[in-house]
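Note that the structure is a prediction, hence the values are computed from the model and not measured.
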Amino acid sequence: MADFIVDDEEFDVKRRKSTKAPEVLSSSLQEAHDIFGDPQQLIELRKEGLDSGEWRNMRIKDQFEPSVLSEKYMTDKDEQIQALDVPERIQISEKCTGSPPLNAKSIDDESTWIYDQLTSGIIPFYGTTDLGKSISRDDIRNFLELHHVQMFDIPFIAMYRKEECLSLLKDPKHLELEDENQDKNKNKPELKWHRLLWTIQDLDRKWLLLQKRKSALKSYNKKRFEVESQCISEETRLTLNQQLFESVMKSLEAAKSEREVDDADAKFNLHFPLGEGGVDAGQYKRPKRKSLYSICNKAGLWHAARKFGYSSEQFGLQLSLENMRMDELEDAKETPEEMASTFTCAMFDTPQAVLKGARHMAAVEISWEPCVRKYVRSNYLDITEISTNPTLEGNVAIDASHQFAGVKWLKRKPLNRFEDAQWLLIQKAEEEKLLQVTIQLPEDRLNKLISDFNEYYLSDGVSKSAQLWNEQRKLILQDALFNFLLPSMEKEARSLLTSRAKHWLRVEYGNALWNQVSVGPYQRKENDSSSNNEAAPKVMACFWGPGNPATTFVMLDSSGEVLDVLYAGSLTLRSLNANDEKRKKDEQERILKFMIDHQPHVVVLGGVNLSCTRLKDDIYEIIYKMVEEHPRDVGADMDGLSIVHGDESLARLYENSRISSDQLPMQLQSGIVKKAVALGRYLQNPLAMVATLCGPGREILSWNISAFEHFLTPDEKYEVVEQVMVDVTNQVGIDLNLAISHEWLFAPLQFISGLGPRKAASLQKMLVGFGEAVYTRKDMSKDTSNPPTLKDKFKRKYGLDNRVFINACGFLRVRLSGSAGSCYADIDLLDDTRINPESYQLAEQLAKDVYDVEGRNDDDDVVGFVREHPKYLKNIDVEEYAKSKRCEKKIITLYDIRRELIQGFQDWRKKYEEPTQDEEFYMITGGTEDTLAEGKFVQTTVRRVQVDRAQLALECGLTGILMKADYHPDDWRGISDLSDRLNEGDILTCKIKSIQKKSYRVFLAYRESEIRNDRSHIQNLDTYYQEDWKSLQSEQEKAQKSMQLEKKNFKPRMIVHPRFQNISADESMRLLSDKDPGESIFRPSSRGPSHLSLTLKIYDGVYAHKDIVEGGKEKKDITSILRIGKTLTIGEDTFEDLDEVVDRYVDPLVAQLKAMLNYRKFRRGTKAEVDALLKIEKLENPARIVYSFGVSHEYPGTIILTYIRSSNPHHELVGVYPKGFKFRKRMFKKIDQLVEYFQRHVNDPPHELGPPIRSVAAIVPMRSPATRGSSGASVGGGWGGSTNDGEWRSQSSGRDRSSTSSSRIGRNDMGNFPGAKVQNSPGKEAFPGGWGTGGSGSGSGNGWGGKSNDGWGQGSGGAYGDVVDPRASGWDSDPKRRRFR
């Protein structure tokens, strides 16, 4: 089993040694050789006509890991997708949703549902538009038929089926401007992101998943009901169950949203809980947690619950007005207690207990009734109000420049007014415990809801019995509303807010990406946007280097291939000595010759930092010199040569991507060269450069282009990336012959309609395998009619099937370009247009009719004639022509055909514009208009101080100037010299007064009172922002009292030692906060003068406190008591002084800690973050058992060993000791010994290791409410010497505490090793080593045992201590918070 452990040094994959590849021509071929062996062998087999399928499967699938095969799209699943004649993206979608129903009724129902979703405002992006008036339900139906029945991809529908869904092609934000017929006469249309079509596709997916789930639940519920009915013999119960089942199935059938399906499912599970039977022999029986409802139901209280009046279903139907209240509710003549007395039993032995249980059952049934939930939901969501106020920590942390400043104080903001990502900020601040969030209904709405409940549930009787029954009903309603319904609605409100915020964020992220990829290439000066010359410019890309690497110039030809590289390390020298001047001059001469030799059309300079501005001046100096001294060598292409700045963020991603190593030869593998290549290629073809980073590694997701994109998951981001890239790629098209000659231009192929990464890879193999150019679109389809030539073999193996070919061919451009540019072959001119082959006949007819008007001969090329004479096409009236040909339904298609005949594949992208001065400023500084603008606050560092001014450095590298007149601290009067108040290295928060963007200088102002109070710089301050200091002051008063109590218990000690300080626990942690892990401080103990405490920094935000017992004291007077004792004891180890403690205890302990922190398998982050990393690693290596170590933030002072055998992470704890590491009752001197033992025993049976961990006990509160000290979980024998009664107390910074308990539970001697699994009592288990002893003395005050005022126990427990009852401590003992996963 150890062979499956992921270990960089110990695990070695055995592979067959490959022979040297003969005549390796490129790095790509070399990599293919390394992965697949000698390619010559496969070529020979293919030449001999052998079926190499079996050989290939044996060689690849048996030799390589699934992750490698998946990355290369060579798994069985990938081959199935490639073979099936269905568009790839449709296949992927149907893998999740299942095959859609194709009958007319299903499509009608779905189109109606989608139309209602779009027009009802449920989707926030469309909620404020008049979409209902502009879109057609019939168009939605047509789209679904085209998409599901005819299998057309979205780009195909948007381009070639416009007449069938015209209303869906409009931009919902600009309905009054969008009209397909308005721009039909435009020479150059604009690119369109078809967001409405993508939204309909997303709704289509949700509808199919909804129907799939409903169908599955119907089948499952029916089987469950039949099984349940067989176990019941009571006729009354059978009848009731039948009614409940029919009610659930009716609700499920009527459900039109996930929430309504959840409601119906919850009701079914409430009344028909999964039984305990049906467990096969040899299988484990899962523990079943019984709810109070099930206990009451089993005790027969359901009879009593039916006595209160209306059933939950009757109440819900009346509440939702589906059934009018016809019959008056009749109250029983007997009182509720008299009724309840007939149902008493052993568990509910009094009428009051029966009534309480029956009320609970009625309240639960009401709260899970679908009709009731639907009514409450309609009166809660969009109406409820959200308020925020800071916590004590938040009030300190959130200043005027904090990212949460705008949401620090919100008062009663309605849910429907959250239109952007504001809720995500609130949610994050709440997670970080900086904000408190309140979600509640307005008082008038809550009163209305209560009134409606009372109206339809209470009786109108006036008798005393009726009043008694109504009192019971009011208690039921109160319980149902406040304990079940409203908390449930709050969760739904939070979910809805998150969903809406993420929807808005996806649109913003998509817009940002759209702006990057919808820009055309850089246009040469002599070319205008209407020019037919489509050759990209030759680019000289330059990246500044600090010296190693040196400043680098890379020359790219018009196809993006590298022509030459020049390193110029001396160009940016600023020294004035003669030697440096000569070196710089020589460097300028080299660059001048470089530019004369290659004649670039444009120079692009990576905007990295302020040094780039000086580099730009240096290059301009060289250009001026070239024009003056070598005018004859300056070609026409270099007239008006421009230097433009380019954003280096995308280039940096390309530098670190694997694709860059594949595309560039070995001599160009330098990182700065890769960046320069990416910078130049982005200027030549932005779409292809971005698509290059959309491969299996998805590097594009690391491109930061939107402010809040980190709130989106990678899958959510890539879904938007795919939408944008698909729309842009298909409207621009791909030049196949150019891509065949230059591989990097194939990158957008995966986004072509009908294709995807798998089918695109297959098509690319075919095109490259031809060994020649493509001369017709038909070459891409599978053709079995001709005799099998070598070309036909490639077509049959890798070509496109009919349905995929139809989807894709119109967007694939075939012309004489690339290697085909020198050929004289005849090509079909229509293949060089966006006209789909299905419309070739219509296009030829239009061209012929125009041609005939001119009286030409029939033998001439009519298409060639009209393309050479576009004026004849421009003069034709398309609508009249359509009427004459009786094809009025094809008018829009005819307009498109005419446009393409005039100029095929005209570039619809926005024209490239050089960055403005503002854009250059923000590109180089890395700031934005939100962070670096007048009125904003910035952190600065004082660099130089003069009498009347100070020079400051901003974090972005800019220089700031602070004048004496703008420096106003609280006591600013009388300041004559700034150097008296400011020193070099001081950090100031200043306000930006003005910015000189041309010189990259910032003028600052410092006003202390303004910094504290001013919030005018908060951008777009919310109208609901309202500060409420009264509530915060009361919290602050409580905190101050707690601090005063802590100071009262604090006693300074008369001890002199370099590591001792008279500070409290909180102060010690603050002092160690910026220190390295392993730093420590001795300090006085809150236990009294006979104890010391050792505070040790375990990790960032994680601290442990060790108790040291002093002995041999002379108790003559207070002075002798406050001196250090003659002996110091930690557990059973005794020391003479603090120096010995440091030498024998602290230093060895820190050495072991640092060894763990530096171990190769140590992972940073919380338990959840480490789990996520391991899950990713497991996906990449499914056959291995992955593992790692991490610091426990929940239980500071221990190490978590996390490992995944199959799918779920498992956790065990490791104790750190001065002598080594304790794991599973064993001590290991070195980590490698521990790992070796773990690898051998990873699958030991549970009985050998002890019972499985269900919950973690011995957890002490992180902070005592009495002292507000740092008394965390007390740490026991782990970290102790050889004793068992040492005690650690620990503190964590609040990360990863979702499951942290605030109590110690159970009472048991817990063994001597971290990870021990010792059963205390049912459902409770002792916490493993490294943690503290409880008190064996009688508790006093706060219930911690012992006699000291601070309540710390002083007993002599085992290695883990005796664990006290949680009820004695007064802390929360919720078992959910004690569970350790």
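For the salt bridge (charged side-chain N to carboxylate O under 4.0 Å, His left out) test with D262, the passing option among K374, K267, R213 is R213; the others fail.
Two residues are said to be in side-chain contact when any heavy atoms from C-beta on lie closer than 4.5 Å; T239 and E235 meet this criterion. Using a 4.5 Å heavy-atom threshold, the side chains of W469 and P336 count as touching. The side-chain heavy atoms of L319 and C371, taken from C-beta on, include no pair separated by under 4.5 Å. A heavy-atom distance below 4.5 Å is not found between the side chains of Q117 and W207. Side chains of Y380 and L415 form no contact here, defined as non-hydrogen atoms less than 4.5 Å apart. Residues L355 and F343 form no side-chain contact, since every pair of their non-hydrogen atoms from C-beta on lies 4.5 Å or further apart. Side-chain contact check for M249 versus N221: some heavy-atom pair is nearer than 4.5 Å. With a 4.5 Å cut-off on side-chain heavy atoms, T350 and T344 do not count as touching.
With no hydrogens or angles considered, a side-chain donor-acceptor pair links S312 and E369 at under 3.5 Å. Looking only at atom types and distance, the side chain of Q352 has a donor-acceptor partner in the side chain of E337 under 3.5 Å away. A donor atom on one side chain and an acceptor atom on the other are not found under 3.5 Å apart for S111 and D108. If you check the side chains of Q242 and E246, you find a donor sitting under 3.5 Å from an acceptor. Under the 3.5 Å distance criterion, with hydrogens and angles disregarded, no donor-acceptor pair is assigned to the side chains of S465 and E334.
Here the side chain of S106 pairs no donor or acceptor atom with the backbone of L102 at under 3.5 angstrom. Judged by distance alone, with hydrogens and angles left aside, the side-chain atoms of S499 form no donor-acceptor pair with the main-chain N or O of S495 at under 3.5 Å. The backbone N or O of A216 lies less than 3.5 Å from no partner atom in the side chain of S219, so there is not a single donor-acceptor pair. Put simply, the side chain of K212 gets close to the backbone of C96: a donor and an acceptor are under 3.5 Å apart. Looking only at distances, no side-chain donor or acceptor of Q211 sits under 3.5 Å from a matching main-chain atom of L208. Side chain of E385 to main chain of L441: no donor-acceptor pair is present (N/O by atom type, distance under 3.5 Å, no hydrogens or angles).
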task = Apply side chain to side chain contact (heavy atoms under 4.5 Å, CB included) to R500 and W423, showing your working.
result = CA-CA 9 Å; R500 289 184 174 181; W423 169 253; over 6 Å; no
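Under a 4.0 Å N-O distance rule, the pair D202/K206 qualifies as a salt bridge. Using a 4.0 Å cut-off between a side-chain N of Lys or Arg and a carboxylate O of Asp or Glu, R205 and E94 do not qualify as a salt bridge. Taking 4.0 Å as the cut-off between side-chain N and carboxylate O, E260 and R373 do not count as a salt-bridged pair. Look at R359 and D479 and you find no salt bridge, because none of the NZ, NE, NH1 or NH2 atoms lies under 4.0 Å from a carboxylate O. Salt bridge D263/R377: present, at least one basic N to carboxylate O contact under 4.0 Å. Note on K105 versus D109: salt bridge recorded, some NZ/NE/NH1/NH2 to OD/OE distance being below 4.0 Å. With salt bridges taken as basic N to acidic carboxylate O contacts below 4.0 Å, one links D452 and K448.
Ring geometry for Y457 against F315 counts as perpendicular: the plane angle is over 60°, on a 0 to 90° scale with 30° as the lower cut. The aromatic rings of Y293 and H271 lie perpendicular to each other, with more than 60° between the two planes, well past the 30° mark.
In this structure, R137 forms a cation-pi arrangement with Y115, its terminal cationic atom sitting closer than 6.0 Å to the ring centre and no more than 45° off the ring axis.
Taking the ring centroids of Y456 and Y310, they lie at or beyond the 6.0 Å cut-off.
Heavy-atom neighbours of R445 CZ from other residues, nucleotides or ligands within 6.0 Å: at or below the threshold of 12. Around NZ of K474, the count of heavy atoms belonging to other residues, nucleotides or ligands within 6.0 Å does not exceed 12. More than 12 heavy atoms of other residues, nucleotides or ligands shown are found within 6.0 angstrom of NZ on K214.
Taken to the nearest 0.5 Å, the CD atom of E228 stands 8.0 Å off from the CZ atom of R237.
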